[in-house]
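Worksheet: the structure to be examined is printed underneath.
Numbered from 1 within each chain, the chains take letters A, B, ... in sequence-line order.
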Amino acid sequence: MGAQISAGDTAWILVCCSLVLLMTPALAFFYGGMVRRKNVLSTLTLSYVFMSLIGVQWVLYGYSLSFGPDISGLIGGLDFLGFQGVGAQPNIAYAKTIPHELFASFQMMFAVITPALITGAFVERVKFKSFLLFSLLWATLVYDPLCHWVWGQGGWLKEMGVLDFAGGTVVHIAAGFSALAFAMVIGPRKGHGKVPMEPNNIPLTVLGTGLLWVGWFGFNAGSALGANGVAVNALVTTNTSAATAGLVWMLLSWLDGRPSTLGIATGMVVGLAAVTPACGFVTPLAAMVIGAVSAPLAYYAMRFRERRKLDESLDVWACHGMGSTWGTIATGLFATVAVNADGANGLFFGNPAQLGIQIVAVMVTIVFSFGMTYVLAKALHVSIGLRVSPIEEDVGLDISSHGERSY
Amino acid sequence: MGAQISAGDTAWILVCCSLVLLMTPALAFFYGGMVRRKNVLSTLTLSYVFMSLIGVQWVLYGYSLSFGPDISGLIGGLDFLGFQGVGAQPNIAYAKTIPHELFASFQMMFAVITPALITGAFVERVKFKSFLLFSLLWATLVYDPLCHWVWGQGGWLKEMGVLDFAGGTVVHIAAGFSALAFAMVIGPRKGHGKVPMEPNNIPLTVLGTGLLWVGWFGFNAGSALGANGVAVNALVTTNTSAATAGLVWMLLSWLDGRPSTLGIATGMVVGLAAVTPACGFVTPLAAMVIGAVSAPLAYYAMRFRERRKLDESLDVWACHGMGSTWGTIATGLFATVAVNADGANGLFFGNPAQLGIQIVAVMVTIVFSFGMTYVLAKALHVSIGLRVSPIEEDVGLDISSHGERSY
Amino acid sequence: MGAQISAGDTAWILVCCSLVLLMTPALAFFYGGMVRRKNVLSTLTLSYVFMSLIGVQWVLYGYSLSFGPDISGLIGGLDFLGFQGVGAQPNIAYAKTIPHELFASFQMMFAVITPALITGAFVERVKFKSFLLFSLLWATLVYDPLCHWVWGQGGWLKEMGVLDFAGGTVVHIAAGFSALAFAMVIGPRKGHGKVPMEPNNIPLTVLGTGLLWVGWFGFNAGSALGANGVAVNALVTTNTSAATAGLVWMLLSWLDGRPSTLGIATGMVVGLAAVTPACGFVTPLAAMVIGAVSAPLAYYAMRFRERRKLDESLDVWACHGMGSTWGTIATGLFATVAVNADGANGLFFGNPAQLGIQIVAVMVTIVFSFGMTYVLAKALHVSIGLRVSPIEEDVGLDISSHGERSY
Amino acid sequence: MLKKIEAIIREDKVNDVIDALKEIGIVGMNTFEVRGHGRQGGVQLVGRAGTYQVNMLPKIQINIVLNTRNLDAALEAILQSAYTGETGDGIIFVTPVEDVIRVRTRERGPGAMMYPGDIDERRNK
Amino acid sequence: MLKKIEAIIREDKVNDVIDALKEIGIVGMNTFEVRGHGRQGGVQLVGRAGTYQVNMLPKIQINIVLNTRNLDAALEAILQSAYTGETGDGIIFVTPVEDVIRVRTRERGPGAMMYPGDIDERRNK
Amino acid sequence: MLKKIEAIIREDKVNDVIDALKEIGIVGMNTFEVRGHGRQGGVQLVGRAGTYQVNMLPKIQINIVLNTRNLDAALEAILQSAYTGETGDGIIFVTPVEDVIRVRTRERGPGAMMYPGDIDERRNK
Ligand SMILES: Nc1ncnc2c1ncn2[C@@H]1O[C@H](COP(=O)(O)OP(=O)(O)O)[C@@H](O)[C@H]1O
Ligand SMILES: Nc1ncnc2c1ncn2[C@@H]1O[C@H](COP(=O)(O)OP(=O)(O)O)[C@@H](O)[C@H]1O
Ligand SMILES: Nc1ncnc2c1ncn2[C@@H]1O[C@H](COP(=O)(O)OP(=O)(O)O)[C@@H](O)[C@H]1O
C-alpha cells in the first residue's frame, strides 16, 4: 500500500533513538570501571567522543554511504549527503511507517556505538590523536560499507538473504574482530600479565551494564522499526538471552572461584550481544539456548586470549565477537517464520540453506573487519604511532592525554 | 469488538518495559550507596541477579502460574509454560490493544523488582547460596500466587473487587512485610546499634532515587496498559505524591537535625511506593495527601523499628510496606470513577464498601507474605544457614562472597 | 477538526515526561562532579529538591499562572489551580492530540529543571533556607510569567511571533542571566581565584552529560507535542548541534592545552542549549552551524567571566545564557517553513523581520530575568542572608547544611 | 617521655581496637588506610574469567602518641583486640616522639597529652 | 640535625597552613587524610530518620621534614594558621629523623633538604 | 637495631620499587597515598576553558621497618628503582624505631622482623 506514517511506530522509534544513544555512555561506564584509576577519564572519553564524531560524520556522508542508492551492491551513493532529501516522508525501501529521517537517525545511533565498542581493545595506552584518525577511517572504510552490504537496499549480503536482525555482523562481529586486530598491532599494556590490573571501580561497570541492558531493548526491539509483535518478541528474546547468560556466567565463575559481580555483568552483556542478530527471528526458548551457549563460549575465549598473552584489554573479541558469531550462526539454526513472517526458517525448521548463508556472512564480516583494521592500525602505527610514550602510560592517560584527574 | 492492536499503546508499553527494567539497577544503587564500602558489590549483585533469575523463571513458568487460566481463584494453570501461546495477539482478558507477549513481558519486570526490594532487609550478612534459593522459592510460592489473586483473571482478590493499580499489595506490601520477617529470622548485623554504620556513598543512593522515579512512571503509568488518559493521570499522581513526600520528609529531618539528602531521597521513594496502588484511581490533589501522610508514617515506622533494635537494614518494611499499606487503604478513601471509569468510588465518594475491601486485601497480603517468608527463611536458616560466618561478615561480602573489591 | 487523542502522540509525550524528568538528576550529577568533595551532596540536593518543590507548586498554581486563560498577555488566570479541569481531553489551544493533563505534565518537567540550572551559580556557599525561598519566588515571579509570555495562549511575546521551539528564552536565557545576577549578589566562594578548585569527580559530570543528552531528546523533540516529522527533525538537529559543539570545544581546549574530558562534556551541553530554541525550525546542517558557533562563544564567555573574577561557579551564564542567546537569534537566521510549516522563515530564507522579533524576545528575557533575580537575591541577602558562615563554608555544606558526608 | 605506637592491623578489627583502647582510657589517636605486605601471602581475587593474585592488602594503621608510662597498657589492649590467629594480624612499631604541641591551647610536652576521662585522670582518682 | 613535624589539623585549614608555610619558605612537605579522635567529642550526623554520632573525624596530617634550625619558625606558622579556638584544632608532634636521601640527586643528609627559594636560601640573602 | 624507611616516590613507580625490594628479600612493608610538594613545581591541569596549576601532587609513601644491617641494601634498591631523573622523583627519610611486636605471635624486637624467604634467611643460606 505504501507509505503511511504511524504515530505509534514513530513514537517507538523516537524512543529507540534515545535508548540506543544511552548505550554509548553506558558502554563508557562499563569500560571505565574496569581500567585503572589513572585512565578512567581517558576511557570514558574514548566512547563519548563518538557521539560527537559520528554524530557529525553520519549526517555529512556516513548515512549516504551506508544507505544511499546502491552502487554494485558494495556501497551507497551520495544522494543523502548532509541528510538532503532525508525528511518527514518514509523511505519505503527501509521503513514504511516512519519518517525517513527517523530511520536515518536510528541508524546513526548504531554507527555511534559500534566503533566505541572497539575501544576496549586499546584503552590505557592509545594515543588520542591516532585514535581519532583511526576512528574516522574505520567508520568510513569498514562500518559504512559493511552496513550497506547487510542492511542497505541492494547490498550484496542482504541480497544473499542473510538474517541479521539488529547487527550481529555489522556491529558486534565487526567490532570484536577489529578489536582483536588492533590489539595485535598496538601490543600489550606495560606490565600486562605481570602486575595485576585490578578494576578501579566495579560499580561503574555494573551501572553501565544496567544501562546497556535497558538501551539494548531499543537496539534490538527498535530494529523492528515499528511498535508491533516482532518488536515485542525481540524485546523478550533479548531479555531472556541476557538473563540466561548472566546466570550461566555466574555459575562458571563460581566453579572457578566465586560468583563474581563482574562475571555476572559480563555474562549479561555477552547474552545481549549473542542474541542481537537472532532476536527478531527466534522464540524466547531458543533465546534461552542462545544465551546459555554464549556464556561458556565467551568465558573460555577469554581464558584462551589470556593464555596467548594477548592484551585485548577488555575482551571485545571474546564478548562481542565470539558472542555474536555464535548468535549469527544460531539464527541459521533457530529462525522461524512463525515468529517473523519477513524472516526465514533456519536449519531446525527445515531450511539448512539459511545456516550456510549465515556462515558465509559471518566469515565475510570477520575477514573484512579484521583485515581492514589490521591494515589501518599498522599504517598508523608505523607512521604517526598508535601508543603514548612509556612515561605517559605510567603516569596514566587522564593526566598525560587530557590534563585531568578523575577522582 | 475485541482485540485490535494499537501501535500507540504498544509503543508505550514497550517503553514501560524498559523503564521498569531500569528500576532494578536503580534500586541496586539506591541500596548500594547505603551499605558499608566492603559490601557494595554484594548489595548490587543481590538486586541485579533477579534480572537473570526471574528473567528465566518468568518465561519458564512464573508467568503461567501468575496469569495462566485460573484454578479455583488461587493459581494460574500451566498453559503458558515457556511463553507458549503468548504471542503477538492480545489476550483480551488482560489488555485488549497490545500483544499478549507484551503484557507478559511488562509483568515480568514487576516480578523482577519485587524480590529485589526485599534484599534491603538482609544486606551485609546473607549467604549468597541461601539467598538464591530463598529468592526462587519466594518468587514461586509467594509472588506468583499473590499476583494471581490480585491481577490474574479469576484471582479471588480481584473477584472481590480490590483496587490495586500498580502493585501496592503484590509488590510493595508483600516485599515490605517479607523483609520484616526475613530480618527477624536472620538477625542483626554484627555491631548493629553499637557501631555507627555510615552509608558509604550517598550519591549512589541519590542516583538510584532519580532513576527509580523515572522508572516508576513506567511502573505506574504503564499499568494503564495503554497510552491514554488514565496513564497520564497515573503519571501525574505518581509525580505529585513523590514530590510531596520528599518535601515533607525534608521538613521532618530538618526538625530532628538538618534537612538531609538521604532523607529527601527516602521520602521521594516512600511517596512513590505509597501512591502505587492508588495512582490510576485518584486525583492529583488526593495524591498530594497520600504523599504527605506517607512520609511521617514511614519516618516514625523507621524510628520505631530502630528502637526495637530490629536490623531490617535498609527499611523496606517502613518505606514500602507501611507506605503502600497506607496507599492501598487510601485508595479506598480517594478513588473516584471520575478519574478512571474502570475503577470504583472510595469512601469519600460515597462508597464505604471499597474501603473494607481494601483493608481485607491489605491484611491478606500482610499475613500471607509475612507468614510464608518467615517459614521459608526459618527453614533455610536451620538447614543450610542464612548467614555468612562472623569472619566473612567482618571482611565484607565483596571479598568473602564474590572475591572482588568495589573501589 | 479539533480534538482527537492520538495514542501514538500520547505515548511519545508520556515518554518525554520521563526523559525530561531524568534531566534534573542528570543535571545534579553534571554539577555534582565539578564541586569540591565537601559539597557534593549539597549540590545534588540543590537540583533534586526542585522535583519536589516545583512538583507541588506546579500542580497547585504554577501551571495555572503559566497556561491559564490569558490576562492582558501578561499572566494566566487561576482556572487551573490544583489541576482542576486539566483532564483527559485535549486543550486545543496547546495540543490537539494529547490529553490536556499530559501537556501540563510535560510542561511541569520544564518548570522543574529551569531553576535547577541556576544553582550552578551559587553552589558551595548558599544558605539552604534562603535558597528554598528564592527558588519558590523565582518560579512564581520569573518563570511562570515568562512562560506565559512566550508559550501561553495570548502571551504577548507569542503574539509578537517569537519562535522558541523548546525554551531558549524561557529556560536557558532566563536561567543563565538569573545565574549571573545571583552570582553578583552572593559573591565569590572563599579562596576563589587563589586556591585551585579542582572538580572532585569528573566521571559524575560525564555521567550527567550522557543522561542530559538523552533527556534532551525528550525536551526538544517532545516539544513537537506529537510523534511526527517535526519531532524527528528536532531530535536530529539536537543531536547534530551537540555533536558539533562537543567536537569544536575539544579542539579549543586542545589548542589551549589538551583535549579535556570536561571540555568535551561542556561543549556537548552548550550545543544542546544552543539548539533548543531552533531545533524544530531548522535543518540538520543549520544545526551544525549553530553548534559550531556556540562552542567558541561559550568558551570565551567563560574566560571573560573568569578574568572579571566573577564566581558564577559552574558557568550557567556562559553555557546556557550565551549559548541560547545565540541559538534564539540563530533561529531568526536559519528557520524555514520547509522544516516546520507552523514556524516561519528566518533572515536567510527571506524574512528579516523574524530576526528582529527574536532579538526583542532575547532582550526582554535578559532584562526581565536578570533584573528580577537581582532584586530578589538582593532582598534576601540583606534580610535573611544568602550565604552560610565562613566556617560552614570551610567545613563544607554537606556536613554543615545537611549533616552528611558523600563518600 | 613520649612514644608513638604505629599499629598496622586488619581493616575489620579497627572498631574492636579503638573500643579496647577507649576502654582503658586511651583517647587520642588517629587511623588511616595503608596497603601492606608481610608474612601474609596476599589474596586471590576473581576476575571476569578466572582468578588472580593481589599482594598488597588493605590494612589500617593506628597511630597513638602517649606517655611512656601508658605504653604497655596500650600495647596489651591492641595485642588482644587485634588478634585472630591467622596470618595478616599485623604488627606494632614503637617510635620516639620528642615534642608535642596542642594547636588550640599551645600546651606543650607531655602535659599536652591529657584528655578528659583518660587513663591518667582515671589513675589519679 | 633533622626533625619531622607531624601536624594533625582540620581538613578545611589545610590550604591556610600550606600557604603559611610557603610564606616563610618551608617548601618540602606532604599531606594525607587521617581519621582521628582527641578531646573533640565527635560529630552528629543525620541519617534517614534521626541522627547518630560519629567519633572518628577526618583530619589532615601534614608531614614536614626540616633542619632543626627551622623547626620553631615552622611550628609557629602552623600554630597560627591552623587555629580556630574550637576543639578539634589538632595537635603537632615532633619526631627525630636520622637521615635523608633525595632520589634524583642522591644528595644525602641535611644538604638534601634545600629547595629553590626556601627559608635557608632567603636567610643567606 | 631497627630503622624505618619512609620513601616518598612517584605513583607510577610503586610497582617497580616493590618488585626491587622483593628481589633483594625485603618483604615487610606498606604503602599509602600522600600529596606532596618539594622541588617539583606542580602540574598544569586543563579545566573547562583553559588551564590551572595544582601544587600538591599525588605521591606514594612506602614505609619499611627493618634491621639496620639491611638498611643500605634497601635504600640502594629504592634509589635505583624509583629513579627517572626528572624533578619529583622523591625523597627518602630514615627514622629510628624502638620496638616492634607482631600481633599474631607476640614476637618482640628485631626477631619479630623475620619473614619466610627474606633477606636474612637468604644470607644464612
Ligand atoms: N617490616 C615491615 N615494615 C612495615 N610494615 C610491615 C612490616 N611487616 C609487616 N608490615 C605490615 O603489617 C601487615 C601485617 O603483617 P603480616 O606479616 O602479614 O602479619 P602476620 O604477622 O599476622 O603474619 C602487613 O600487611 C604490612 O602492612
Ligand atoms: N595522642 C594522640 N595521638 C595521635 N593523634 C592524636 C592524639 N591526640 C590528638 N590526635 C589527633 O589530633 C586531632 C585533634 O585533636 P583534638 O584533641 O580533638 O584537638 P583539640 O586539641 O583542639 O581538642 C584528633 O582528631 C587526632 O587525629
Ligand atoms: N622536606 C620534606 N618533607 C616532607 N616531604 C617532602 C619533603 N621534601 C619532599 N617531600 C616529598 O617528596 C616529594 C618529591 O620531592 P621533590 O622535591 O619534588 O623531588 P625531587 O627531589 O625529584 O625534585 C614531594 O612531592 C613531597 O611529597
Per-residue contact mode, [X] against chain B (heavy atom under 4.5 angstrom):
{"X": "Val59(C)", "result": "side chain"}
{"X": "Leu44(C)", "result": "side chain"}
{"X": "Leu46(C)", "result": "neither"}
{"X": "Glu404(C)", "result": "side chain"}
{"X": "Thr24(C)", "result": "neither"}

Can you tell if the side chain of [X] reaches within under 4.5 Å of the side chain of [Y], non-hydrogen atoms only?
{"X": "Asn239(B)", "Y": "Met109(C)", "result": "yes"}
{"X": "Val232(B)", "Y": "Thr10(C)", "result": "yes"}
{"X": "Leu207(B)", "Y": "Leu207(C)", "result": "yes"}
{"X": "Leu211(B)", "Y": "Pro25(C)", "result": "no"}
{"X": "Leu60(C)", "Y": "Leu285(B)", "result": "yes"}

What is the minimum heavy-atom distance between [X] and [Y], and which atoms define it?
{"X": "Leu21(C)", "Y": "Trp213(B)", "result": "CD2-CD1, 3.1 Å"}
{"X": "His402(C)", "Y": "Pro259(B)", "result": "ND1-O, 2.7 Å"}
{"X": "Met51(C)", "Y": "Ala243(B)", "result": "O-CB, 3.4 Å"}
{"X": "Ser18(C)", "Y": "Phe217(B)", "result": "OG-CD1, 3.6 Å"}

Item checked: Passing option when Thr261(B) is tested against Thr43(C), Val40(C), Thr45(C) for side-chain contact (heavy atoms from CB on, under 4.5 Å) ->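 Result: among Thr43(C), Val40(C), Thr45(C), Thr45(C) is the only option passing the side-chain contact (heavy atoms from CB on, under 4.5 Å) with Thr261(B).
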Proximity breakdown for [X] and chain C, heavy-atom pairs closer than 4.5 Å:
{"X": "Val15(B)", "result": "side chain"}
{"X": "Ser6(B)", "result": "side chain"}
{"X": "Ala7(B)", "result": "neither"}
{"X": "Leu235(B)", "result": "side chain"}
{"X": "Trp216(B)", "result": "neither"}

Checklist line | Partner chain C: residue of Ala227(B), Gly210(B), Gly229(B) with the largest heavy-atom pair count (under 4.5 Å) | finding: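 Of the options given, most contacts go to Ala227(B).
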Next item on the list: Go through Leu204(B), Val248(B), Asn200(B), Asn201(B) and name the one with the most non-hydrogen pairs under 4.5 angstrom from chain C.
Entry: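 Among Leu204(B), Val248(B), Asn200(B), Asn201(B), the one with the most close pairs to chain C is Asn201(B).
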Margin query: Can you tell me if Ile384(C) has over 12 outside heavy atoms packed within less than 6.0 Å of its CD1?
Written below: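 Enclosed: over 12 neighbouring heavy atoms sit under 6.0 Å from CD1 of Ile384(C).
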Next item on the list: Identify which of Trp12(C), Phe50(C), Phe83(C), Phe128(C) forms the greatest number of heavy-atom pairs closer than 4.5 Å to chain B.
Entry: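 Answer, by heavy-atom pair count under 4.5 Å with chain B: Phe128(C).
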Next item on the list: May I have the step-by-step check of side chain to side chain contact (heavy atoms under 4.5 Å, CB included) for Ile202(B) and Ser406(C), ending in yes or no?
Entry: CA-CA 5 Å; Ile202(B) 297 179; Ser406(C) 55; 5.7 Å; no
Margin query: Using modelled atom types and a 3.5 Å cut-off, is there a donor and acceptor pairing between side-chain atoms of Arg37(B) and backbone atoms of Tyr407(C)?
Written below: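 Side chain of Arg37(B) to backbone of Tyr407(C), a donor-acceptor pair under 3.5 Å: no, none is there.
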